[in-house]
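When reading the values below, keep in mind they use all heavy atoms of this one structure, side chains included, and skip hydrogens, waters and symmetry mates.
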Amino acid sequence: MALSRFWGWYLIHIALFLSLCYAEDPFVFYDFEVTYITASPLGVPQQVIAINNKFPGPTINSTTNNNVVINVRNKLDESLLMHWSGIQQRRSSWQDGVLGTNCPIPPKWNWTYQFQVKDQVGSFFYFPSLHFQRAAGGFGSFIINNRPIIPIPFDTPDGDIVILIGDWYTQNHTALRKALDAGKGLGMPDGVLINGKGPYRYNDTLVPDGIEYETINVHPGKTYRLRVHNVGISTSLNFRIQSHNLLLAESEGSYTVQQNYTSLDIHVGQSYSFLLTTDQNASSDYYIVASARFVNESQWKRVTGVAILRYSNSKGKASGPLPDPPQDEFDKTFSMNQARSIRWNVSASGARPNPQGSFRYGSINVTEVYVLRNKPPETIDGKRRATLSGISFVNPATPIRLADQYKIKGVYKLDFPDKPLTGPPKMETSVINGTYRGFMEVILQNNDTKMHTYHMSGYAFFVVGMDYGEWSENSRGTYNKWDGIARSTTQVYPGAWTAILISLDNVGVWNLRTENLDSWYLGQETYVR
C-alpha cells in the first residue's frame, strides 16, 4: 500500500485522536535521524544503527498523559519502523510501529509518530522492528514519569539511571538475517553490551585490551533508581551489582512489592526498576554484571557484560573475580520461583490516584481462552520457519489496520485457532478474533528447548501462573488471582507454560509475539484484533 495513501487515513485519525486528548495535557517533541555509523563495541569495527548519531539512542522522557510527537527520518538503505515497546497506544494502534499496523518508512522518507501516553507510568524502551535491525541497535529507553499529584511508593531517588543490556554479534544485522534466511541458526553471541559498550577487562584472556566500557558514577549514601532493559536478541541475562542489593520497585509500568534481590534474571524484552542504595565502603569500584543464563555457562563465559559502578570516594579499580551468578545449573526451579516472587503492589497508586489493586482481575469471568504453543523451528514449503500453534505468520502487504479502514478483503484471516493445530504446520496471515471488553486467558506453552519471552502490544496483562510440564485446566488451581504482576512481556521457560489474563479494553490490532528476535523474524507471532 502506498505510503501516500496511508497519509490520508492517518491525518483523519490523528484529528480524531487529538479530539480525545485533554487540552491541558502537554506535548513533548523529539526528532530522530536514523543512520548507520561505525562502532567497535567488542573491539571489531562494525555497522550499527544510531539515532541522532548516538548508540544507543536518546532517552524519551515524558509524563503520564503527555502527547508524544516523534519525527523519524529514515537515512538507512532499507525501510524502517520504530516500535514503542510497552506503550499502550490507547485507541491508536496505528502508531505502534509494527508491520500489522503501519506501512514502513522508506529510505530517505520521514514519518511523524504522535500518541498519548494515557494512564501509564514506568520504564519502557523503543527499537526498530523490521529486517532484524534491532540486532544492529537503534534502541533507547522510554520513561513515563508520574504526575506530581500522584505519589510514588518510595522516596524520590537521588538520581535516575538507564542501563540497556543485551547480547551482541559482531556480524552486521544483514549477515545475521541472511543466515536465518538460509536455514541456519545464529550461534553463540560474541558478547553482551551494557549501554552500547563492551566489557570491562576483568579477565585478560576473555576480554581483549582497548575495549570501551560503561562507568556509572554515584555518590555514597544516596539512593538511585536503575531502569534496566534487556534489549538483546535472544539471550536471558542475570543482572547483578557486586556487594549491593537490588530493591525491585517497578516492572514495565507496574509498581511491585518491594523486595531485595542479589541478582535477577532479565529476559529478552523485559524492563525493571531497582532502587540501589550506595551503602558500601568504596574500598574499590564495583562490578556491574549481565551474564548469559540457561546455557552451558562454561562455554558461554565470553557472553558476559561488565560495567563499573564508581563511588565518588572510590579508593581504586575493581579487580578479582566477578560476583557469582545463581548456582542453579541442576535446579530448574530457582529462576521460576524468583519470577513468581515478583508481585503487584496492590496498595500503590499507578498512573491514577486509586490503588493498582482496585482492579480486581481475579474476580472477572474469562470470556475466551487461547492455548498458544511454540516448538523448535520447522520446515514449511522448504523454508525454516518458527510457529505459534502450528502457524507461521506471514506479514501482509497491506497493514491489517489499514485493510480494516478501507474494507479491503483477503488481506488476513480472522481464524487463528484457540488450540494448537494437529496437522502439519502452515504459513498464514491468521489473526485472533478478540471481543471488545472481553476478558481473555492466554496460555503460552513453550515446547522449545530454549527460553522464550512473549510480548503483547496495547496492554499490560496479568501474569497469573507458570509451571513446568503441559498446562491443563487443573492448572488454574495454582493461579495467583490477587497480586500477579501486570506487565507487557513475560518469560516462558523451556518445557513449561505461563498463563496471562488480558482485559480487552483497547480497540485496535495488537501484536502478540515472541521477543526472541530470531524466532520473531521466522514467523512466531500473530495479532489480536
Side-chain angles (χ1 to χ4, degrees), residues 39-44 55-56 141 157-168 189-232 235-248 260-266 272-293 295 297-327:
S40 305
L42 293 177
V44 179
F55 169 71
S141 65
D158 297 296
D160 201 306
I161 298 168
V162 169
I163 301 178
L164 302 171
I165 60 177
D167 56 354
W168 190 258
D190 296 299
V192 169
L193 304 190
I194 298 181
N195 285 347
K197 298 175 183 177
Y200 173 81
R201 199 177 192 198
Y202 70 97
N203 181 302
D204 291 350
T205 303
L206 292 172
V207 184
D209 192 17
I211 288 181
E212 183 182 6
Y213 58 88
E214 177 75 339
T215 299
I216 293 175
N217 294 297
V218 295
H219 296 286
K222 304 290 185 180
T223 297
Y224 296 86
R225 182 173 182 170
L226 306 184
R227 301 177 190 261
V228 187
H229 313 267
N230 186 335
V231 297
T235 304
S236 297
L237 298 172
N238 181 263
F239 182 79
R240 54 198 184 273
I241 299 180
Q242 184 180 25
S243 302
H244 290 74
N245 284 323
L246 300 168
L247 182 63
L248 182 63
N260 276 309
Y261 296 88
T262 55
S263 71
L264 189 72
D265 291 337
I266 304 179
Y272 289 99
S273 280
F274 303 102
L275 299 177
L276 175 75
T277 300
T278 50
D279 55 5
Q280 298 302 298
N281 61 16
S283 58
S284 68
D285 296 340
Y286 298 96
Y287 293 127
I288 301 172
V289 183
S291 60
R293 291 282 277 149
V295 294
E297 292 180 14
S298 63
Q299 295 180 10
W300 280 56
K301 284 184 179 180
R302 78 180 189 204
V303 190
T304 301
V306 184
I308 293 298
L309 181 73
R310 177 168 296 156
Y311 283 50
S312 56
N313 62 340
S314 174
K315 299 177 182 64
K317 292 184 176 182
S319 61
L322 300 179
D324 289 332
Q327 302 299 300

Item to check | Side chain proximity check, Phe239 to Ile163, heavy atoms < 4.5 angstrom | outcome: yes

Checklist entry - Are Ser273 and Arg225 close enough that a side-chain donor and a side-chain acceptor fall under 3.5 Å? => result yes

Checklist entry - Which atom pair, heavy atoms only, marks the closest approach of Arg201 to Val207? => result NE-O, 2.8 Å

Next on the checklist: Any carboxylate oxygen within less than 4.0 angstrom of a Lys/Arg side-chain nitrogen, looking at Lys317 and Asp285?
Outcome noted: no

Item to check | Minimum side-chain heavy-atom gap His219-Asp158 below 4.5 Å | outcome: no

Next on the checklist: Is any side-chain heavy atom of Leu275 closer than 4.5 Å to one of Tyr224?
Outcome noted: no

Item to check | Atom pair CD1 (Ile216) and CG (Leu309), whose distance is rounded to the nearest 0.5 Å | outcome: 7.0 Å

Item to check | Residues Ser291, Arg240; criterion side-chain contact (heavy atoms from CB on, under 4.5 Å); working and verdict | outcome: CA-CA 9 Å; Ser291 60; Arg240 54 198 184 273; 2.9 Å; yes

Checklist entry - Is Tyr272 close to Leu248 at the side-chain level, that is, under 4.5 Å between some pair of heavy atoms? => result yes

Checklist outcome for this item: Residues Gly305 and Val192: closest non-hydrogen pair is N-CB, 3.3 Å

Checklist outcome for this item: Sequence neighbours excluded, the answer for salt bridge (charged side-chain N to carboxylate O under 4.0 Å, His left out) partners of Asp324 is none

Item to check | Point-to-point distance, once rounded to the nearest 0.5 Å, from OH of Tyr213 to OH of Tyr202 | outcome: 14.5 Å

Next on the checklist: Please report the interatomic distance CD1(Ile161) to CZ(Arg227), rounded to the nearest 0.5 Å.
Outcome noted: 11.0 Å

Checklist entry - Of all residues at least two apart in sequence or in a different chain, which pass the side chain to side chain donor-acceptor pair (under 3.5 Å) check with Asp265? => result Asn238, Arg293, Ser335

Item to check | Aromatic contact, Tyr311 with Tyr286 (centres under 6.0 Å) | outcome: yes

Item to check | Intermediate values then yes/no, side-chain contact (heavy atoms from CB on, under 4.5 Å), Leu246 and Ile241 | outcome: CA-CA 8 Å; Leu246 300 168; Ile241 299 180; 4.0 Å; yes

Checklist entry - For Thr235, does its backbone N or O pair with a side-chain atom of Asn230 as donor and acceptor, under 3.5 Å? => result yes

Checklist outcome for this item: Smallest heavy-atom separation, Gly196 atom then Pro41 atom, equals O-CB, 3.5 Å

Next on the checklist: Taking the side chain as everything from C-beta on, heavy atoms only, tell me whether Phe55 gets closer than 4.5 Å to Leu193.
Outcome noted: yes

Item to check | Pairwise side-chain contact, Pro323 with Val289, heavy-atom cut-off 4.5 Å (strictly under) | outcome: yes

Checklist entry - Where is the tightest heavy-atom contact between Ala282 and Asn313, given as atom of each residue plus distance? => result CB-OD1, 3.3 Å

Item to check | Heavy-atom side-chain proximity of Leu42 to Pro199 below 4.5 angstrom | outcome: yes

Checklist outcome for this item: Taken to the nearest 0.5 Å, the spacing of Gln242 CD from Ile288 CD1 works out to 10.5 Å

Checklist entry - Would Thr277 and Asp279 count as having a side-chain donor-acceptor pair, cut-off 3.5 Å? => result no

Item to check | Minimum heavy-atom distance between Ala318 and Tyr287, given as atom pair plus value | outcome: CB-CE2, 3.7 Å

Checklist entry - Shortest non-hydrogen contact from Gly198 to Ile211? => result CA-CG2, 3.7 Å

Checklist entry - Can you list the steps and then say if Leu264 with Phe274 is a side-chain contact (heavy atoms from CB on, under 4.5 Å)? => result CA-CA 10 Å; Leu264 189 72; Phe274 303 102; 3.6 Å; yes

Checklist entry - Take atom NZ in Lys315; do more than 12 heavy atoms of anything else shown fall under 6.0 Å from it? => result yes

Checklist entry - Rounded to the nearest 0.5 Å, how far apart are CG of Leu164 and NZ of Lys197? => result 12.0 Å

Item to check | Gap separating the CG atom of Asn245 from the OG atom of Ser263, nearest 0.5 angstrom | outcome: 10.5 Å

Item to check | Check: Gln280 side chain, Thr278 main-chain N or O, donor-acceptor pair, under 3.5 Å | outcome: no

Checklist entry - Is the closest side-chain heavy-atom distance between Asn217 and Ser312 below 4.5 Å? => result no

